[in-house]
Amino acid sequence: MCTRGHGHDGPCAAWPIDGDGWTLKQQLAAPGRYYGDGGTIHGSTWLDVEVDGDGQVVAVWFRCQMLPWRVFRRTGGDGRYGPEDMSPCQLTGVEVRDPERQP
C-alpha cells in the first residue's frame, strides 16, 4: 500500500525507499515542493491538456497539480506529432514553487 495519499495500490506503492524518501524529495525541492510519486493518490505518468469547446488550451495538469503553460506556434512542418514521435519517458513528479502569498 501507498504510505502517502489515501492508501491505494499504484506506482507510488512501488517506491523502493521507505517513508524517508518522501522527506528527502521535499528537501531536495526546496524552496519549492515536490509533487509526485509517494504523495499523490494518482499514478498517471503524463500531462493532461485541458481544452475548451473551440480547442483552445485552458489548463495543463500533472495529476491534480495545475502547471504553468504557454502556447507557441511552430514555423515549420505540419505542427503535429504522432505517438511514434513521443519520448518513451514518463513523469513521476515535478518540483513546484508556489507563488508568494499576498497580504
Side-chain angles (χ1 to χ4, degrees):
M1 290 299 268
C2 180
T3 59
R4 303 286 179 185
H6 295 284
H8 70 289
D9 292 319
C12 64
W15 178 246
I17 299 175
D18 61 16
D20 292 335
W22 178 254
T23 301
L24 178 61
K25 289 178 183 182
Q26 292 300 329
Q27 291 170 346
L28 292 171
R33 62 183 168 82
Y34 174 80
Y35 178 86
D37 283 0
T40 66
I41 63 172
H42 305 294
S44 61
T45 57
W46 58 84
L47 295 177
D48 289 310
V49 178
E50 185 177 347
V51 297
D52 64 16
D54 296 323
Q56 299 295 312
V57 176
V58 296
V60 176
W61 301 87
F62 174 62
R63 301 177 184 176
C64 291
Q65 174 68 54
M66 186 183 293
L67 299 174
W69 55 275
R70 68 184 178 110
V71 174
F72 66 94
R73 305 279 180 228
R74 289 185 4 166
T75 57
D78 65 4
R80 296 177 183 223
Y81 291 104
E84 64 279 357
D85 299 315
M86 297 294 110
S87 168
C89 71
Q90 297 180 341
L91 290 173
T92 60
V94 294
E95 291 181 14
V96 179
R97 186 170 297 173
D98 294 310
E100 297 280 332
R101 291 184 187 241
Q102 300 299 319

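Residues: numbered from 1 along the sequence shown. Here the structure is a predicted model, which means the values were calculated and not measured.
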For Tyr35, all residues meeting ring-ring contact (aromatic ring centres under 6.0 Å, His included), sequence neighbours excluded: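 Scan of Tyr35 (ring-ring contact (aromatic ring centres under 6.0 Å, His included), adjacent residues dropped) gives none.
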Thr92 OG1 to Asp37 CG distance, which is reported to the nearest 0.5 Å: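 Rounded to the nearest 0.5 Å, the OG1-CG separation comes out at 5.0 Å.
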Pairwise side-chain contact, Val96 with Gln65, heavy-atom cut-off 4.5 Å (strictly under):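 Yes; the side chains approach each other to less than 4.5 Å.
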Under a 4.5 Å side-chain heavy-atom rule over Ile, Leu, Val, Met, Phe, Trp and Tyr, are [X] and [Y] clustered together?
X     : Y     : value
Val60 : Val71 : yes
Trp69 : Leu47 : yes
Leu24 : Val94 : no
Val49 : Trp46 : no
Val51 : Leu67 : yes

Do any N or O atoms from the side chain of [X] and from the backbone of [Y] form a donor-acceptor pair under 3.5 angstrom?
X     : Y     : result
Asp54 : Gln56 : no
Lys25 : Gly39 : no
Glu95 : Tyr34 : no

ILVMFWY clustering at 4.5 Å (side-chain atoms), partners of Val58: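 When side chains under 4.5 Å apart are linked, Val58 ends up in no cluster with other residues.
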Hydrophobic cluster of Met66, others only, ordered by chain and residue number, side-chain cut-off 4.5 Å: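 Besides Met66, the hydrophobic cluster comprises Trp61, listed by chain and residue number.
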For Leu91 against Arg63, the heavy-atom pair lying closest together: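 Shortest heavy-atom separation between Leu91 and Arg63 comes out as O-NH2, 4.2 Å.
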